[in-house]
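See below for the structure under consideration.
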Amino acid sequence: MSTTSAILPPCEPYKIKMIESLHRSTREERDRWIREARYNIFNLRSDQVFIDLLTDSGTGAMSDRQWGAIMTGDESYAGSRSFFELKETINDLLGYEHVLPTHQGRAAENVLFSVLVKEGQTVPGNAHFDTTKGHIEFRKAEAIDCTVAAAYDTTVSHPFKGNVDLNKLEAYMREASESVSFILITATCNTAGGQPVSMENIREVRKIADRYNKLLVIDAARFAENAWFIRNREKEFRNHTIRQIVGEMFSYFDAATMSSKKDGIVNIGGFIAMKDKELYRQASLFNIMFEGFLTYGGQAGRDMAALAVGLREATELEYLDSRIGQVNYLGEKLKTYGVPVQEPFGGHAVFIDALRFLPQIPREEYPGQTLVVEIYKEAGIRCAEIGTLMADRDPHTRENRYTALELVRLAIPRRTYTSDHMDYVAAALGNVFQRVSEIRKGYRLTWEAPIMRHFTMELEAISE
Ligand SMILES: *Cc1c(COP(=O)(O)O)cnc(C)c1O
């Protein structure tokens, strides 16, 4: 018998202990449900959905160890042991001393920006996430997108499409540094397609921040996935552990906002972590007002306990190989059906280029949303438009902001679906792609909120 083994295929480093049943529906049911939902996918009930790829946020499967931590969580109002477990984990992984728990990521933004962002100021960085932009614009400040141009061409291959364009940022700082509140890097960059930011880029942005004496903040929702890309795509880090990379990444920032619903692998939660005690003191005031006392901040003790475990699990290489491997698997499968996808694939989702998929639908009829509706009708798969509807109107002109990219996002929840599910999704999109010439009309808005309209908007089908 040979002792050398042949190469084995990738495989999930876990098995299933508990299952949750799913039910398929008929095409007639889905046509009715989506019409009743005013063609807004957020209005569907979850049992009208077969495979839910709306988001990877809070939809992951917790491990047996996380569920174990739930049972031993400490629900003390002040000084909860579970808070200290979380704080020590964050101290250890990210290297920041001060931690404020919040009920989710946007709450962390709300608290931190209450200290940092004043009317008329700006926050440059790579592409801001929608709630981040919302919290900036809500304060009558402006988010300045300095992402590299490669991010806006889905056909260009670039290892770090989440990078900040250093020339753009430098030019902006030269012009307008007095108005800059702080510089923000979102890693991975959700809005640009879950694309990573390189360590080299982070180092260079740090230098710019230092030159202009500005704080550098990380929107850290997918920090572990970003670290995995750094390990795989930046030579210098090939033999580093994920935790070493995470430690170095965070060393260049002054503070972090976190949505624990992503790389914390919990269903709800968030936090702010920071180096400076004075900033912590100022943010504490808003945390107590908006979120709760400093040692729970809108979370149950058990949730903080599960998060402490989840953060450690999310920074294991085996887990990340399987996690990002599954996204890659779906992306490759879609390509075999000819579906136009963004490449390279991001960390948490595969993005479909709706402008290439549905070139016959004009931008004013929302090709991204049109495709979202078709995918739902085809197979009960729920996904999200990341395009014009999500980008809201320009706050000054109230015109639609036609984004450079009109994407449809298939977000993959962590540890939740199997490769069979991925095969089903790919086949369904393949079917839609085959009958694409039958799709001739898009949608028009009949109601929208002034900000973050995609969550609650109502649409109607434009008839031929
Ligand atoms: C999800 C997310 C947020 C907001 O977090 P919530 O927990 O949904 O409030 C902020 N930034 C990024 C990059 C995100 O992905």
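Whatever order the structure lists them in is the order used to number ligands and atoms, beginning at 1. Numbers here are sequence positions counted from 1. From a predicted model like this one, the values you see are computed outputs, not experimental measurements.
Contact check on Arg203 versus Glu236 returns a salt bridge, with a Lys/Arg side-chain nitrogen under 4.0 Å from an Asp/Glu carboxylate oxygen. Between Glu406 and Arg363 a salt bridge is recorded (basic side-chain N to carboxylate O distance below 4.0 Å). In this structure, Arg393 does not pair ionically with Glu399, as no charged nitrogen and carboxylate oxygen lie closer than 4.0 Å.
For the residue pair Arg206/Asn201, the side-chain donor-acceptor check at 3.5 Å is not satisfied. Using modelled atom types, one finds a donor on one side chain and an acceptor on the other under 3.5 Å when comparing Thr131 with Glu109. In summary, the side chains of Ser322 and Glu12 do not present any donor paired with an acceptor at a separation below 3.5 Å, with no hydrogens or angles considered.
The protein heavy-atom contact nearest to atom 4 (C) of ligand 1 is Thr131 OG1, 3.5 Å. For atom 11 (N) of ligand 1, the closest non-hydrogen atom of the protein is Asp219 OD2, 2.6 Å. Looking only at protein heavy atoms, the nearest one to atom 14 (C) of ligand 1 is Lys262 NZ, 2.9 Å.
The structure places CG of Asp321 at 8.0 Å from CD1 of Ile242, a figure rounded to the nearest 0.5 Å.
Checked by distance only, ligand 1 and Gly269 stay at 3.5 Å or farther apart across all their nitrogen or oxygen atoms. Considering backbone and side-chain atoms together, Thr188 places no N or O closer than 3.5 Å to any N or O of ligand 1. Below 3.5 Å of separation, one finds an N or O of Arg222 facing an N or O of ligand 1.
For the residues Glu109, Arg106, His103, the heavy atom positioned nearest atom 8 (O) of ligand 1 is part of Arg106.
Within the listing of ligand 1, atoms 5 (O), 6 (P), 7 (O), 9 (O) sit less than 4.0 angstrom from a heavy atom of Gly105. Taking every non-hydrogen atom of Thr186 and a distance limit under 4.0 Å, the qualifying atoms of ligand 1 come out as 13 (C).
Residue-level proximity to ligand 1 for Lys261 is carried by the side chain, the only part with a heavy atom below 4.0 angstrom.
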